There are 2 protein chains.
Amino acid sequence: MTSTNNQDPLAVFRDHLRRQQLRLTPVREAIVRAALCQAGHFSVDELTRAVRASGHEVSRATIYRALPLLLESGLIQATEVSKDGSYFEASFGREHHDHLICRGCGTVIEFQFEAFQMLEQQIAEKYGFELLSHVHELIGRCAPCRSGGDAHEVH
Amino acid sequence: MTSTNNQDPLAVFRDHLRRQQLRLTPVREAIVRAALCQAGHFSVDELTRAVRASGHEVSRATIYRALPLLLESGLIQATEVSKDGSYFEASFGREHHDHLICRGCGTVIEFQFEAFQMLEQQIAEKYGFELLSHVHELIGRCAPCRSGGDAHEVH
DNA sequence: ATAATTGCAAACGCTTTGCAACCCC
DNA sequence: GGGGTTGCAAAGCGTTTGCAATTAT
């Protein structure tokens with residue numbers, strides 16, 4: 001129950017900016033409004049179009065520069081839509097597993113927990129989906145990184 | 001219990017290639033070997049370095065062209081490491097939720113299931129992690145796409 | 001022999017950044 | 001008026017692709 005959480009999101013945003021001596025410009029305001037109006041998930045391009053549709057010229061560069069501010073102030077969050085690709089792992093003959101990842105040093109621990117699979121199956125069925133695959137990653141800080149202070153930066 | 005599953009991975013790969021009238025070249029063989037030797041997760045660059053370290057000149061382009069073949073033949077899988085960014089959603093005042101995504105039409109359904117959170121917490125503790133966030137996406141085919149045949153391609 | 005494979009370099013799409021003009025505070 | 005903000009265009013980065021030479025079958 002923080003003080004700003006029940007306020008108008010724009011106030012939250014302005015406070016966040018002020019705390020860093022940054023400015024609330026009309027363009028940024030339009031970006032915030034547009035972002036909050038988005039029904040569900042949106043890409044940078046979709047947000048850009050939405051801002052422009054609201055009558056504000058804006059360059060993609062400005063959107064890109066504003067996004068971190070919206071994220072920091074908690075108005076939006078990165079959806080982490082599963083990005084198939086970029087990383088791989090050998091799977092020949094291996095059991096399925098999910099990942100526990102340390103944000104500090106990048107360590108990846110594999111874990112298996114059948115209970116998850118069953119619950120996932122139930123949810124898929126509930127919505128009439130045929131389940132093909134899933135992404136399940138737990139992101140945290142491992143014991144060494146928690147005590148050791150700053151990140152080690154590996155992977 | 002398919003016929004090839006217990007064979008040597010290279011045989012699986014060769015079979016897969018042959019089925020499509022593709023060729024097993026020394027370079028591809030080296031790529032397969034290197035991929036299977038990788039301890040855990042690897043990027044395209046890491047794989048390229050590994051192949052080169054094994055004594056084979058190879059261009060990144062060739063690696064990129066070979067990866068789909070390894071994926072199709074089931075020797076490796078895309079890890080889908082959470083790619084923070086690219087997609088966002090408004091989070092101001094919203095409850096946490098996870099996503100059920102249709103591979104056919106891109107529909108995203110949000111779901112909440114407390115049981116997951118508790119299990120995740122348990123796993124994190126088991127490995128001494130402080131849990132910061134998680135990514136949990138179920139990927140499947142929605143009812144319309146299952147019956148309607150081919151994808152609709154939306155989002 | 002013939003069609004697949006390869007490396008190179010150019011093209012691509014998305015994101016970041018340097019810079020000069022601009023404008024909020 | 002000073003320092004943050006913006007747009008533009010250029011640069012980056014990872015991935016894809018056209019092409020001519022090469023090679024597996």
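Since we're looking at a predicted model, the values are computed, not measured. So that the names make sense, note that chain A is the first sequence line, chain B the second, and so on, each numbered from 1.
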### Query
To the nearest angstrom, how far is B:E57 atom CD from C:dT5 atom C1'?
16 Å
### Query
Pick the nucleotide of DNA chain D nearest each of A:Q20 and B:T25; which residue has the one closer to the 5' end?
A:Q20
### Query
Quick one: the side chain of A:R60 and the base of D:dG7, do they pair up donor-acceptor inside 3.5 Å?
no
### Task
Between B:L17 and A:L22, name the one whose nearest nucleotide on DNA chain C is closer to the 5' end.
B:L17
#### Entry: Expected output: side-chain A:R146 to main-chain B:G128 donor-acceptor under 3.5 Å
yes
### Task
Scan side-chain atoms only and decide if B:E137 and A:H134 contain a donor-acceptor pair under the 3.5 Å cut-off.
no
### Query
Under the 3.5 angstrom rule, does the side chain of A:R141 hit a backbone N or O of B:L132 as a donor-acceptor pair?
no
### Message
Using whole Å, what does the distance between atom P of nucleotide D:dT17 and atom CG of B:L67 come to?
### Response
14 Å
### Query
To the nearest Å, how far apart are B:E46 CD and D:dG14 P?
12 Å
### Message
Looking only at the side chain of A:T62 (C-beta and beyond, no hydrogens), which of the listed nucleotides C:dT6, D:dT6, D:dA9 gets closest?
### Response
D:dT6
## Note on the structure
Rounded to whole Å, the CZ-C1' distance (B:R18 to D:dT25) equals 10 Å
### Task
Send over the distance from B:R23 CZ to D:dT22 C1', rounded to a whole Å.
11 Å
### Task
Return the value, rounded to whole Å, for the distance between atom CZ of A:R65 and atom P of C:dC22.
16 Å
### Query
Is it the case that more than 12 heavy atoms not belonging to A:Q20 sit under 6.0 Å from its CD atom?
yes
### Task
Kindly indicate whether the side chain of A:R28 and the base of D:dG4 share any N or O donor-acceptor pair separated by less than 3.5 Å?
no
### Rounded interatomic separation in angstrom, taking CD from A:Q21 and P from D:dG2
17 Å
### Message
Using whole Å, what does the distance between atom C1' of nucleotide D:dT5 and atom CD1 of A:I63 come to?
### Response
13 Å
